[in-house]
Student: 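Please read through the structure below; I'll follow up with questions.
Heavy-atom basis, side chains included; hydrogens, waters and symmetry copies ignored. Read the numbers this way: they start at 1 and go in the same order the structure lists the ligands and their atoms. Everything numeric in this text was worked out from a predicted model, so none of it was measured. Residue indices begin at 1 and follow the sequence shown.
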Amino acid sequence: MRKFERCEKYYSEYKTFFEENKMLGPNAMWLIEILCEKMDLKPGMRVLDMGCGMGLTSIFLAKEFGVTVFANDLWIDPTDNYKRFVQMGVEDKVFPIRAEAHALPYANDFFDAAISIDAYHYFGTDEIYLPIYYSKLVKQGGQFGIVSPGLSREFDNGLPEAMKSHWDPDMYCFHSAKWWHNLWQKTGIVDVTHANSIPDGKALWNLTADFDLHAADFENYLTLISMTAIKK
Ligand SMILES: C[S@@+](CC[C@H](N)C(=O)[O-])C[C@H]1O[C@@H](n2cnc3c(N)ncnc32)[C@H](O)[C@@H]1O
């Protein structure tokens with residue numbers, strides 16, 4: 001399995017912080033490192049971290065790339081996120097916001113980039129989400145990047161019998177990289193620059209979450225997918 005050099009350096013530097021603040025699903029720090037290799041983030045850029053959870057990826061983006069981050073989430077209290085941002089000394093670069101994905105309080109064309117780690121699939125599978133909501137927030141030439149739990153291919157014949165007892169209804173938002181590519185590319189609003197299953201995606205996910213589901217995945221459907229795009 002690949003090494004996460006950027007994360008490892010970062011973990012050892014902020015060991016106590018990561019012991020106190022556990023992640024919500026598949027290792028978000030690994031996923032942000034994978035995604036950032038496909039993006040071009042530069043100091044001073046304004047970045048939306050959509051569905052940031054506890055804001056760990058937002059802190060990473062501010063510290064590693066010098067970008068300003070709007071750490072947007074629904075379930076996690078922004079005051080708790082703010083305390084984490086203060087603790088990590090990034091409170092002047094990372095702004096905690098609570099907003100639902102269909103009621104985001106940002107100006108059109110405000111962001112240089114919008115990223116979403118382990119969150120976009122919760123609200124973004126709707127055909128109209130990118131064209132009507134999300135794409136408007138990013139300026140022309142701006143970047144999009146997501147990493148989400150997904151499928152190596154769409155189910156050939158429905159949900160496999162063995163997976164049924166471990167499957168939550170909200171997992172029907174898992175899709176293949178090809179499915180995601182088509183969802184965004186057909187809008188004509190963005191050019192999809194990359195959409196793939198992450199190499200070792202299944203292993204990376206299985207190391208941290210959803211163990212019973214993975215044990216029942218005899219046909220290797222589960223993986224992590226990543227996608228990047230540029231706004232035309
Ligand atoms: C599995 S957590 C991942 C959090 C974080 N990105 C990470 O990887 O640790 C998914 C996040 O998506 C956010 N989310 C889900 N549905 C949302 C919605 N409709 N609008 C805004 N955020 C949403 C939740 O608040 C939650 O923190």
Student: Does the ring centre of Tyr10 sit less than 6.0 Å away from the ring centre of Phe4?
Tutor: no
Student: Do Tyr221 and Trp167 make the cut of ring centroids closer than 6.0 angstrom?
Tutor: no
Student: Under 4.0 Å from any heavy atom of Ala28, which atoms of ligand 1 are there?
Tutor: 7 (C), 8 (O), 9 (O)
Student: Run the side chain to side chain donor-acceptor pair (under 3.5 Å) test against His175 and tell me which residues pass, sequence neighbours left out.
Tutor: Glu154
Student: So, does Ser226 use its side chain to make a donor-acceptor pair with the main chain of Leu35 at under 3.5 Å?
Tutor: no
Student: Could you tell me whether Ala99 approaches ligand 1 through its side chain, its backbone, both or neither, with non-hydrogen atoms closer than 4.0 Å?
Tutor: backbone
Student: For Glu100 and ligand 1, does the shortest N/O to N/O distance drop below 3.5 Å?
Tutor: yes
Student: Does Trp75, backbone or side chain, put an N or O under 3.5 Å from an N or O of ligand 1?
Tutor: yes
Student: Check side chain to side chain donor-acceptor pair (under 3.5 Å) between Lys231 and all other residues, then give those that pass, not counting sequence neighbours.
Tutor: none
Student: Check this for me - ligand 1, Ile76, N or O atoms closer than 3.5 angstrom, yes or no?
Tutor: no
Student: If you count the atoms of ligand 1 from 1 in the order shown, which ones are under 4.0 Å from a heavy atom of Gly51?
Tutor: 4 (C), 5 (C), 6 (N), 11 (C), 12 (O), 13 (C)
Student: Mark the output for Asp73 as yes if a heavy-atom distance to ligand 1 is under 4.0 Å, and as no if none is.
Tutor: yes
Student: Would Phe123 count as a polar contact of ligand 1, with the cut-off being nitrogen or oxygen pairs under 3.5 Å?
Tutor: no
Student: Polar-atom distance check: Asp118 versus ligand 1, any N or O pair below 3.5 Å?
Tutor: no
Student: Which of the atoms in ligand 1, numbered in the order shown and given with their element, are less than 4.0 Å from a heavy-atom of Leu74?
Tutor: 17 (C), 18 (C), 19 (N), 20 (N), 21 (C), 22 (N), 23 (C), 25 (O)
Student: Side chain of Asp77, backbone of Thr79: donor and acceptor closer than 3.5 Å?
Tutor: yes
Student: Strictly distance-based, threshold 3.5 Å: is any side-chain N or O of Lys232 a donor or acceptor partner for the main-chain N or O of Asp191?
Tutor: no
